Amino acid sequence: MIRILRILVLTVAIGLCAVAHAQLTLVKGGKAKAAIVLADDNATNREAAELLNFFIQKTSGASLPIVQGKPSRGAVVIGEPTTEAGYEGFMLHCHDGNLHIQSGGGRGAIYGVATLLEQWLGVAYYAYEAYTVTPSSTLQVPAIRHAETPAFRFRQTFSYGCEDPRYVRWFRLNRHDEVFAGNLWVHTFNRILPAAVYGKSHPEYYSYINGQRRPGEHSQWCLSNPDVFRLAVQKIDSIFRAHPGMEMISVSQNDGNNTYCQCPECSKVDAYEGSPAGSLIRFVNRLAERFPDKQFSTLAYLFSMHPPKHVRPLPNVNIMLCDIDCKREVPLTDNASGRDFVSALEGWSRISDNIFVWDYGINFDNMVAPFPNFHILQPNLQLFHRHHATMVFEQANGGRQRGTDFGELRAYMYAKLMWNPYQDADSLMQTFLQGYYGAAAPHLYRYLQMQQGALLSADVPLWIYDSPISHKDGMLNDRLMKVYDELFDKAEAAVQADSVLLGRVQTARLPLRYSQLEIARTRQGGDARRISEQLDIFENHCNRYGITSLNERNNLATDYCRLYRSRFLPRPNTNKAAGAKVIWHQAPAPRYQSIADKALTDGLYGGTTFVESWVGWEGCDADFLLDMGSDQQVSRITTDFLHQLGAWVLQPRSVDYAYSTDGETYHPFGTHTFADDRDASVKFVPATVSVAAPVTARYVRVVVHGLGLCPSWHYGVGYPAWFFIDEVTVE
């Protein structure tokens with residue numbers, strides 16, 4: 001097998017100190033003394049020249065002329081090729097009065113300019129629109145011979161600021177829409193052969209699950225069907241023709257787990273290969289043979305994470321391996337979920353040199369919540385590099401979302417470590433904190449270190465669908481929260497006179513404030529006035545600093561605050577069924593039975609993550625009685641349900657209520673029927689039935705008719721759907 005060359009960062013520099021003899025004067029007395037010469041007038045070289053001039057002007061007030069032609073003495077020559085750096089790398093060579101910024105290919109010239117500015121011309125870039133320069137009317141470059149090549153040929157973060165081209169170029173980042181034809185890069189089956197087009201007329205094109213074909217936008221293809229291959233070839237050919245010059249496309253499973261085809265032919269292949277990836281790789285290999293000059297990326301994700309035993313991906317098949325199911329409190333090598341991924345990585349690396357790792361550094365369910373994973377960034381990237389990964393995508397935070405837990409720091413460290421995963425990660429952290437937060441940095445560094453230590457000592461997993469409530473007895477316990485608050489108080493005081501720095505510190509504090517609110521709502525008898533004041537501060541700062549969404553499903557911060565006031569603030573429990581005895585006819589799933597007897601009538605409402613208060617049923621109905629202990633006058637009954645499509649939590653079909661005085665004879669009270677709801681937002685849905693005249697009841701019967709299986713439009717098509725209840729209120 002041909003190995004892809006990997007060249008790590010190689011640095012040889014001469015005269016790095018400020019007093020070194022200048023080899024080239026760029027600006028003197030605020031006047032340009034050198035010219036920028038483009039070795040070739042292409043878009044990359046011109047962008048490199050413009051980036052250099054932008055910061056020279058910011059630093060000195062001067063701009064260098066940009067010309068093309070043979071350089072004379074006193075020139076910055078941009079874009080000459082070099083063999084001393086690999087793809088996307090560069091060589092900086094300043095000697096004999098000229099500076100040569102040479103490229104190893106790709107955007108090497110741009111990255112060479114960024115390195116020159118950062119290491120020799122006093123520019124520091126931290127986050128979107130957050131950079132500093134060292135003003136000087138004279139700019140000089142010493143003798144340099146400095147070459148670098150990135151550890152990975154493709155590096156992308158999904159983080160705030162990545163819509164800004166200057167930010168992207170400075171941090172040596174790529175964009176998938178510049179590489180993948182038609183922007184087809186993940187979960188593309190339904191984009192290539194839409195179920196809306198083919199599902200009704202050709203259900204045989206789609207997965208056979210639990211006894212029948214189940215076409216849908218999240219269903220997979222029947223990869224043994226020859227017509228699927230024929231149609232896919234036609235569509236892919238048209239996509240490449242529509243995007244000349246682009247050589248890569250993703251042909252990859254739709255989002256959703258265990259929805260692969262289980263028809264006899266597909267199952268036979270997968271059984272032989274020991275993984276559902278067997279059918280997938282065989283299919284994509286056939287495409288790669290049909291288009292030998294193109295690159296085909298496919299997902300190794302959830303059910304396809306582990307490699308097949310026999311078939312090997314062709315060299316032009318790219319494996320996008322995802323560690324979505326792994327916990328994040330320790331490096332991937334150090335817990336069971338991580339080791340399962342490492343086993344998959346090792347397996348793929350034995351049969352492919354063309355691996356693209358999709359790594360997750362985000363809390364999807366609670367993006368504005370503490371997520372102290374900084375200590376694992378470097379060891380995980382080193383792991384990927386050792387195992388033949390050539391491309392990396394780091395899902396650092398919520399894209400355009402501000403306010404995620406130290407999101408700017410996480411994006412900064414990911415970008416730096418994707419370029420070179422063997423540099424000092426702690427030094428990177430401290431450099432960022434000092435530059436971005438100023439005098440608040442020591443307090444924030446201590447906060448991060450304390451929280452990391454608390455996480456590790458608590459032995460509570462950290463995962464990408466986490467809730468602060470999971471950590472209320474661990475890294476977010478009351479004693480630690482008190483110290484965290486004190487550190488943030490000091491951090492705010494240290495930058496009180498600087499509104500920009502203060503805003504950054506107060507934004508960094510929002511995850512802590514959110515955690516305090518989330519934990520408070522799980523406790524009885526809280527101080528409603530104090531919690532309300534905390535909520536006001538949280539809402540004010542979210543509005544002031546542009547924090548809109550709190551989770552992947554775009555639940556708005558303003559809605560959260562409104563719902564908190566009506567749903568979670570402590571108030572007297574007026575539920576006539578409060579503390580009622582629960583008698584089960586159809587009990588919840590086993591994992592929820594330990595809390596179910598109290599959670600349905602304790603007056604505490606669950607949040608957007610079902611780690612507390614919620615009681616769940618999977619693929620079946622619910623049937624239970626509430627014994628209120630004595631006869632009560634009842635005019636309204638409400639059951640509160642969770643709606644969270646991403647976790648396969650859907651609203652049921654209907655709820656029937658009945659009542660009784662003796663526990664033997666029941667009378668209908670009413671039925672609530674749910675409408676089909678495909679909204680991706682997380683929400684709380686009440687099922688309320690009222691009667692005009694009160695009835696006398698001691699017992700209330702609640703029968704919930706679930707969906708059974710997830711519908712065709714859902715991620716879990718053909719698999720059991722969940723519904724969750726947190727409270728039944730009788731009034």
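Values in this document were obtained by computation on a predicted structure and should not be read as measured data.
The heavy-atom pair separating Tyr167 from Ala411 by the smallest distance is OH-CB, 3.6 Å. Val495 and Ala439 get closest at one heavy-atom pair: CG1-N, 4.0 Å. Residues Trp648 and Asn257 come closest through the heavy atom pair CH2-O, 3.5 Å. Considering all non-hydrogen atoms of both residues, Trp614 and Leu642 come closest at CZ3-N, 3.5 Å.
The residue from Tyr125, Tyr412, Tyr131 that alone fulfils the ring-ring contact (aromatic ring centres under 6.0 Å, His included) condition with Trp170 is Tyr125.
A donor-acceptor contact shorter than 3.5 Å links the side chain of His643 to the backbone of Asp679. A donor-acceptor pair under 3.5 Å is formed between the side chain of Arg521 and the backbone N or O of Tyr605. No donor-acceptor distance shorter than 3.5 angstrom exists from the side chain of Asn555 to the backbone of Ser681, with no hydrogens or angles considered. Asn575 contributes a side-chain N or O that, together with a main-chain N or O of Val728, makes up a donor-acceptor pair within less than 3.5 Å. Put simply, the side chain of Asp323 never gets that close to the backbone of Gly338: no donor and acceptor are under 3.5 Å apart. Between the Arg328 side chain and the Tyr360 main chain, a donor and an acceptor come within less than 3.5 Å of each other. Using a distance-only test at 3.5 Å, with no hydrogens or angles considered, a donor-acceptor pair links the side chain of Asn477 to the main chain of Gly474. Under a 3.5 Å cut-off, the side chain of His218 and the backbone N or O of Asp255 do form a donor-acceptor pair. Between the Gln378 side chain and the Gln423 main chain, a donor and an acceptor come within less than 3.5 Å of each other. A donor-acceptor distance shorter than 3.5 angstrom exists from the side chain of Asp726 to the backbone of Gly606, with no hydrogens or angles considered.
Atom CZ of Arg565 is surrounded by more than 12 heavy atoms from other residues, nucleotides or ligands within 6.0 Å. The 12-atom threshold is not exceeded at CZ of Arg636, counting heavy atoms of other residues, nucleotides or ligands nearer than 6.0 Å. The 12-atom threshold is exceeded at NZ of Lys683, counting heavy atoms of other residues, nucleotides or ligands nearer than 6.0 Å.
With respect to Arg107 and Glu178, a salt bridge is recorded, a charged nitrogen being found less than 4.0 Å from a carboxylate O. The pair Glu727-Arg567 fails the salt-bridge criterion, with no side-chain N (NZ, NE, NH1 or NH2) lying under 4.0 Å from an Asp/Glu carboxylate O. Ion pair Glu492/Arg509 flagged as a salt bridge, since at least one NZ, NE, NH1 or NH2 atom sits closer than 4.0 Å to an Asp/Glu carboxylate oxygen. Under a 4.0 Å N-O distance rule, the pair Arg678/Glu217 does not qualify as a salt bridge. Note on Lys482 versus Glu486: salt bridge recorded, some NZ/NE/NH1/NH2 to OD/OE distance being below 4.0 Å.
Using cut-offs of 30° and 60° on the angle between ring planes, the pair Phe674 and His672 is perpendicular.
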Steps toward side-chain hydrogen bond (donor to acceptor under 3.5 Å, both in side chains) verdict (Asn366, Thr609): CA-CA 8 Å; Asn366 293 280; Thr609 305; 2.9 Å; yes

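Residues forming a side-chain hydrogen bond (donor to acceptor under 3.5 Å, both in side chains) with Asp177 (at least two apart in sequence, or on another chain): Arg175. Phe393 pairs by the ring pair (Phe, Tyr, Trp, His ring centres under 6.0 Å) definition with Trp185, Trp358, not counting sequence neighbours. Residues that satisfy the side chain to side chain contact (heavy atoms under 4.5 Å, CB included) test with Ile537, not counting sequence neighbours, are Arg513, His541. Here Asp334 pairs with nothing under the salt bridge (charged side-chain N to carboxylate O under 4.0 Å, His left out) rule; sequence neighbours left out. Residues satisfying the salt bridge (charged side-chain N to carboxylate O under 4.0 Å, His left out) criterion with Arg523, sequence neighbours excluded, are Asp478.
Put simply, the side chain of Cys162 reaches to within 4.5 Å of the side chain of Leu173, judged on heavy atoms. For the pair Ile362 and Phe158, the minimum side-chain heavy-atom distance is 4.5 Å or more. Put simply, the side chain of Leu487 does not reach to within 4.5 Å of the side chain of Leu444, judged on heavy atoms.
Side-chain polar atoms of Tyr560 and Glu518 form a donor-acceptor pair below 3.5 angstrom. Donor-acceptor pairing under 3.5 Å is recorded for the side chains of Asp426 and Gln430. A donor-acceptor contact under 3.5 angstrom links the side chains of Asn554 and Ser549, judged on distance only.
Summarising the geometry, atom OH belonging to Tyr445 is positioned 8.5 Å from atom CG belonging to Leu433; distances are rounded to the nearest 0.5 Å. Interatomic distance, Gln156 CD to Met391 CE, rounded to the nearest 0.5 Å: 9.0 Å. Rounding to the nearest 0.5 angstrom, the gap separating the CG atom in Asp405 from the CE atom in Met367 is 12.0 Å.
For residues 450-465, the pairs satisfying side chain to side chain donor-acceptor pair (under 3.5 Å) are Tyr447-Gln451, with sequence neighbours left out.
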